[in-house]
Amino acid sequence: MRVLGIETSCDETGVALYDEHRGLLAHALYSQVRLHAGFGGVVPELASRDHVRKLLPLVREVLAEAGCAAGGVDGVAYTEGPGLVGALLVGAAFARGFAFSRGVPCVGVHHMEGHLLAPMLEPGPPAFPFLALLVSGGHTMLVDVTGVGRYRVLGQTLDDAAGEAFDKTAKLLGLAYPGGPALAKLAGQGRAGRFDFPRPMLRRPGLDFSFSGLKTAVLHAVRDHPDDPATRADIARGFEDAVVDVLAGKCRRALRELGPRPLVVAGGVGANARLRQRLEGLAREAGVGLHYPRPEFCTDNGAMIAYAGLLRLPDAAAGSPDVVKARPRWPLDSLRPPGSVGAAAVAGA
Ligand code: KG4
Ligand code: ZN
């Protein structure tokens with residue numbers, strides 16, 4: 001079985017070909033980050049149009065790299081949601097059209113399931129059950145993963161995602177979008193402790209997150225202090241330390257509640273060096289393994305969609321209709337293990 005994976009939920013066009021026996025054969029990614037940089041954030045309509053432009057060339061590139069003709073594709077998987085509706089529809093229409101023209105099955109995949117399962121693309125993948133921390137520009141959640149399609153969201157952000165908080169704070173400090181990596185670099189030059197920002201939700205019970213108050217605290221600090229490079233670096237450091245404390249603190253609490261199990265980290269903020277360092281210490285202390293997908297599979301990509309698609313194709317074979325569908329909102333814990341879609345349909349028949 002060879003599955004073509006298509007990712008177009010936000011501002012990256014990702015394509016990959018995954019072989020059931022040989023693993024990942026090829027993948028390609030196009031990031032629209034420069035397109036949106038001047039606007040300070042993703043412009044949905046521009047994102048959709050750029051997916052239209054880039055998708056077919058990327059599919060050609062991936063098939064050529066894998067030495068696979070279009071007829072060698074046995075199934076197609078695309079990101080059905082959650083994400084920007086126009087961007088999702090580009091991928092959905094392409095995937096359904098391609099699959100229909102080849103007479104192969106097609107399945108819509110949950111974007112976050114793709115992220116959760118991305119560590120399975122690496123050597124020494126984590127065993128179920130594991131705890132997953134998903135931290136990107138659009139999401140911040142802790143998930144108890146007991147198997148494929150068995151996800152319990154333990155906590156999520158009540159307002160901004162962690163990456164969004166990094167980007168907005170970076171903007172306050174005059175850094176260009178997306179400012180997460182630049183803010184992390186600036187924080188590296190800053191002094192710890194000069195700005196002691198709040199650790200939102202850390203002392204409250206539960207595993208939810210909130211970052212908007214932290215952003216406001218940074219805004220006040222910027223306003224109330226002279227604008228010099230050392231102060232900006234100290235503010236960046238204070239902000240990063242607060243976010244890392246909160247993320248690591250909630251992971252520790254979740255591991256205490258669930259019992260020891262591997263910790264999986266995915267999403268763009270997972271690239272943050274200070275967070276990685278802290279989570280390594282936490283995992284060592286708790287005696288659990290720490291798993292990251294390789295950097296290009298931490299962020300949005302087609303490989304995770306192709307892999308999740310391989311597992312989800314039984315659902316397509318069970319008769320999901322050939323309609324172009326996108327789900328801008330789609331709760332992760334509404335998913336069921338693969339195959340149960342067909343089983344439910346049969347049971348209901
Ligand atoms: O997963 P991702 O590539 O895209 C989605 O949001 O789906 O995550 C991008 C986010 C951005 O907010 C970016 O600023 C943040 O990840 N990011 C970082 C770092 N690298 C990327 N945040 C903090 N430190 C970093 N080193
Ligand atoms: Zn993502």
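Counting starts at 1 for both ligands and their atoms, in listed order. Numbering starts at 1 and runs along the sequence shown.
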Run the numbers for me: atoms of ligand 1, each under 4.0 Å from some heavy atom of [X], listed by number.
X: G137; value: 5 (C), 6 (O), 8 (O), 9 (C), 10 (C), 12 (O)
X: D167; value: 11 (C), 12 (O), 13 (C), 14 (O)
X: S136; value: 1 (O), 5 (C), 6 (O), 7 (O), 8 (O)
X: D300; value: 7 (O)
X: G138; value: 6 (O)
X: G267; value: 1 (O)
X: G163; value: 12 (O)

OG/S48 to CG/L46 distance, rounded to the nearest 0.5 angstrom?
8.5 Å
When rounded to the nearest 0.5 angstrom, what is the spacing between NZ in K168 and OG1 in T216?
9.5 Å
Around the Zn ion (ligand 2), how many protein N, O or S atoms are closer than 2.8 Å?
3
For R152, look at atom CZ and say whether over 12 heavy atoms of other residues, nucleotides or ligands are found less than 6.0 Å away.
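Counting neighbours around CZ of R152, 12 or fewer heavy atoms of other residues, nucleotides or ligands fall under 6.0 Å, so no.
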Just wondering, more than 12 heavy atoms not from R294 lying within 6.0 Å of its CZ?
yes
Quiz: residues 173-188 side-chain donor-acceptor pairs under 3.5 angstrom, not counting sequence neighbours:
none

Using distance alone, with no hydrogens and no angle criterion, decide if H51 and T13 have a side-chain donor and acceptor under 3.5 Å apart.
yes
Using a strict threshold of under 4.0 Å (side-chain N to carboxylate O), is an ion pair present between E164 and K215?
no
Both conditions, 6.0 Å and 45 degrees, for the charged tip of R276 above the ring of Y292: are they met here?
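The answer is yes; both the distance and angle limits are met.
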Less than 4.0 Å is my threshold; does some heavy atom of C10 fall inside it relative to ligand 1?
no
If you look at every heavy atom in G71 and R102, which pair is closest and at what distance?
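The pair with the smallest heavy-atom distance is CA-NH2, 3.5 Å.
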Could you say whether the N/O atoms of G180 and ligand 1 ever approach to under 3.5 Å?
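Yes - when backbone and side-chain N and O of G180 are compared with those of ligand 1, one distance drops under 3.5 Å.
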Taking N or O atoms only and a 3.5 Å limit, does N272 qualify as a polar contact for ligand 1?
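N/O-N/O distance under 3.5 Å: yes.
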Main chain of R2, side chain of D74: is a donor-acceptor contact present, judged purely on distance under 3.5 Å?
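A pair under 3.5 Å: yes.
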E240/N272 under side chain to side chain contact (heavy atoms under 4.5 Å, CB included): CA gap, chis, key distance, verdict
CA-CA 9 Å; E240 189 181 54; N272 184 275; 2.8 Å; yes
Taking atom 2 (P) of ligand 1 as the reference point, the nearest protein heavy atom with its distance:
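I find the closest protein heavy atom is G268 N, 3.6 Å.
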